[in-house]
Visitor: 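Starting off with a structure, shown below.
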Amino acid sequence: MTAASGTAPNSHVAATAYAGRQIASARILGRSLRETNPLLPFKALATEALDERLDEASEPFEQVGMESLEIPRLRNLRFRYGPVSLSYALTPFLLRHLLEGGAGAVLFLKQESLVVGDLTPLFERLRFSSILLTPHLVAPLSGLDASRREREVMLAGTYNCGVLGVAGTSAARRFLDWWCDRLELGCRHDVAAGMHFEQRWLDLVPAFFDGVEIVRDPGANVGHWCLPERRFEVAGAEVRVDGEPARVLRFSGFDPARPDRVTRHSDRLSTEALGPGKAVFEEYRRRWVEAGGPAPPETPETFDNATAIPDIVRLVYQGLGMDVARFGDPYSTAHAGCLFDWLRAPVDEPSPGFPHVSNLWHGVWNLRSDLRHAFPEPLGSDRSLFAGWTLSTGRFEHSVPHNLAAVRSENGA
Amino acid sequence: MSRRAIGIVAGRRFEASARVLLRSIRAHHPDLAVFVLATRDVDLGSPSSPLAERVDFETLAKAAGSWLAFRYAENELAVALKAFLLDHLLDSGYEQVLHLDADILVVGNLESLFERLGRHSILLAPHSLSPLVGPEGEARELVLLRAGVYNGGVLGVTRHPAARQFLEWWKSRLREDCRISSAEALHDDQRWLDLVPGAFDGVGVCRDPGVNLAYWNFRERGLARENGVWSTSYGPASLVHFSGFDPRTPGIVTRHQPRLTPGELGVEAILFREYASSLLAEGWSAEPATPYRFDRFDNGVSIPDIARRVFHELGGETSRFGDPFRTDRATSFFAWLRDPMDPSASPAAAPARLWMEIWRRREDLRRAFPEPLARDRGAFLAWVRTSGAAEHGIDRAFEVRA
């Protein structure tokens, strides 16, 4: 694959990644792409098995299987992140896969988006640049909460991952290789540490790589973060933003069951406050109902012994970094030295008469500053109190199944 | 008037650094207009041919408004005033203005940097130009993500309207939020720069490896010297930044990474040795010879940093105090800080508001004296007298109400 073929329109590809529970969003996005960019191939990566929910022949996208990305340690990534964060973490892997498969330029669109305009101008930019980034803010904010809102953006990342382009150039591939590398462990939400899932890393991209273009077109990527500042004009199917044609509208955090609110990420915005933009949210809701409405309750992912994997276990696993290699397949509960056994194993041998504390709960204590405060010495003078808390409160707070919450003592009891 | 200027801000302990920088600028650009905004009276060489022109600190600090000179301690104020200095120099008619931190050394010609600046409204210099390598690469990148992708030490603006918009915005943010708190996306003036390429027209990212060499990128740049000329693996070197270097401890490259020694760097060690001796030759001193203009209330009592912080956090509420430096009114900020916090006690036996603010901010004190206005009052006041005043450098005027 060489950069030169990147200009042929038939080598343009749009792509998304979604967790199985988000299939309605992926369908809405796919259908909107067919209406507005009918010749553009659209590939979608699902991070959960879809079983009967997927009807490949009629889906408005071409399904990409996770296995086809040939990701080393994929099962560790799946376990570490869970289906939704995994869909973020796999973004660069998907883009790299599509470039390797012959695409000349790929535009990544996050699943909760609606394409309302021609994407050709964005692909055109990729004839001359390697990486397209769309900033959250194309102008500073004003008003009383401007500084606070700008800092929220800075904590989440200057650039939004919802619309991102790469061309088949060596600079783009260097970028994707680096991003894949960072996301193996660094797709977490820890803003004080400088991390906001996959997105915060993009702040470094204009400094680190050649051929980066920052798209300051107000219609390229419109979401709650730049509303109500960017003004909508809606005339039938034509949407303009700040006088420019809108291309991708974003519904991050929009709950169609609460259509008066723009996003659950902030309570400052009602759809009413958007003037003509309210129609856009109504339209998204209409499409959501058409695409099947609320997702059925999710069956949680389980270990291979059918024990549900609570989120807190993923966080403890994240905290172990690359050290998890020693456990082998994290889902497996059958082999000696497996993660499941380690989580339940006592962290130490207490004095007679004192309770055991398992690696899982010791890991939870490490993650939570409130627990560190309340039980400064969970293996010393606070041991009984802390062990009591795990049984009376902790396992309910974190939905830890009984067989995982209990300590597995040395004699196997 | 010539089109180009350099603006330098010199805070406490940076007087000698500024002179070293000025001489290095003169060595490469004898005729360039250079301006220094110094928090103290800094010697700029002979009055007939000074190393730089002085911008009056007191005037600029007062013009910045919002009682910035009270809100911020000396070096915070110096950082916050950077944007004001750049704006002032554009107002004075310069078309391209380059800011350099005082702890930078010019080691090569700046022509190409100014040419690059001339093609943009704003020029930003990233800390690093490529992914960071080695086992600590990811951790070092996270440091950049917390501190800011672009370094506040090298920054250019031009007479482009977008640069003016940027400076207006930056000034307004720096009036309120020029401090370090990574959980709040703050790192002095610097973290704000991350938004700039997205939010303003014509922003250039200076990806010249010869610019702003420093401990955070030495490993990637490959500095070398041949026949007295410094270069990197990629071409000529022009600016070296000695961020966090203290000539009293020449064995440490930067206080930000105390384990890094010049010996580990290679040829950069020569540069550090020469820089340290230049600083000492310029009279570097940990204790400045001249006083700081905004150090004290008008009655001579030293302003504790905590008082500045409290004033800052009160935001708009401070308007009722008027000039925070003044002490001659019952409604002054000074008097408010000294208010005894327990009206039922005799004033001599009640901690002043300032001390309660300190108590509120220190977890160890809250633990040691859970009820400082009730049963722990005696012990807390004893701590104030025996330890607290010295720990926080707080004048006895705040101990008890006269």
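Small disclaimer: the values here were computed from a predicted structure and weren't measured.
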Visitor: Can you list, pair by pair, the side-chain donor-acceptor contacts under 3.5 Å of residues 120-133 of chain B, counting residues two or more places apart and other chains?
Guide:
| from | atom 1 | to | atom 2 | distance (Å) |
| --- | --- | --- | --- | --- |
| B:His120 | ND1 | B:Gly204 | N | 3.4 |
| B:Ser121 | OG | B:Asp201 | O | 2.5 |
| B:Ser121 | OG | B:Gly202 | O | 3.0 |
| B:His127 | ND1 | B:Gly148 | O | 2.9 |
| B:His127 | ND1 | B:Val149 | O | 3.2 |
| B:His127 | NE2 | B:Asn151 | ND2 | 3.1 |
| B:Ser128 | OG | B:Ser130 | O | 3.2 |

Visitor: Out of curiosity, B:Leu195 CG to A:Thr158 OG1, how far, rounded to the nearest 0.5 Å?
Guide: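 It is 5.0 Å, given to the nearest 0.5 Å.
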Visitor: Under 4.5 Å from any heavy atom of chain B, what part of A:Asp210 do you find: side chain, backbone, both or neither?
Guide: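 Contact with chain B involves both backbone and side-chain atoms of A:Asp210.
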Visitor: Can you name the residues of residues 359-367 of chain B that have some heavy atom under 4.5 Å away from a heavy atom in chain A?
Guide: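 Within residues 359-367 of chain B, the residues under 4.5 Å from chain A are B:Glu363, B:Arg367.
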Visitor: At a 4.5 Å cut-off on heavy atoms, which part of A:Leu204 comes close to chain B: side chain, backbone, both, or neither?
Guide: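 Interface part for A:Leu204: both.
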Visitor: Give a yes or no on this: more than 12 heavy atoms of other residues, nucleotides or ligands lie within 6.0 Å of atom CD of B:Glu313.
Guide: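 More than 12 heavy atoms, drawn from other residues, nucleotides or ligands, come within 6.0 Å of this atom.
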Visitor: Return the minimal non-hydrogen interatomic distance between A:Pro140 and B:Ala199, and the atom names on each side.
Guide: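 Closest heavy-atom pair between A:Pro140 and B:Ala199: CD-O, 3.7 Å.
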Visitor: Quick one: closest heavy-atom pair of B:Val205 and A:Pro206, and the distance?
Guide: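 Result for this residue pair: CG1-O, 3.8 Å.
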Visitor: For chain B, which residues from residues 145-154 of chain A lie under 4.5 Å away (heavy-atom distances)?
Guide: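 So the qualifying residues are A:Ala146, A:Ser147, A:Glu150, A:Arg151, A:Val153, A:Met154.
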Visitor: Could you name the residues of residues 153-177 of chain B that have a heavy atom within less than 4.5 Å of a heavy atom in chain A?
Guide: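 B:Trp169, B:Arg173, B:Asp177 fall under the 4.5 Å cut-off.
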Visitor: With a 4.5 angstrom heavy-atom cut-off, which part of B:Leu144 approaches chain A: side chain, backbone, both or neither?
Guide: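 Just the side chain, heavy atoms under 4.5 Å.
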Visitor: Look at the side chain of A:Arg200 and the backbone N and O of B:Leu142, then say whether any donor-acceptor pair between them is shorter than 3.5 Å.
Guide: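 Looks like no, no N/O pair under 3.5 Å.
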Visitor: Against chain B, label A:Phe175 side chain, backbone, both or neither, depending on which of its atoms sit under 4.5 Å from a heavy atom there.
Guide: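 Neither; nothing under 4.5 Å.
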Visitor: Hey, mind stepping through B:Glu141 and A:Trp178 against side chain to side chain donor-acceptor pair (under 3.5 Å) and telling me if it holds?
Guide: CA-CA 12 Å; B:Glu141 286 172 5; A:Trp178 166 78; 3.1 Å; yes
Visitor: Sort out for me which of A:Leu141, A:Asp203, A:Val191 touches chain B most, counting heavy-atom pairs under 4.5 Å.
Guide: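 Of A:Leu141, A:Asp203, A:Val191, A:Asp203 has the most heavy-atom pairs under 4.5 Å with chain B.
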Visitor: Mind checking the CG-CG spacing from A:Leu155 to B:Leu145? Nearest 0.5 Å is all I need.
Guide: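 Here the interatomic distance stands at 11.5 Å.
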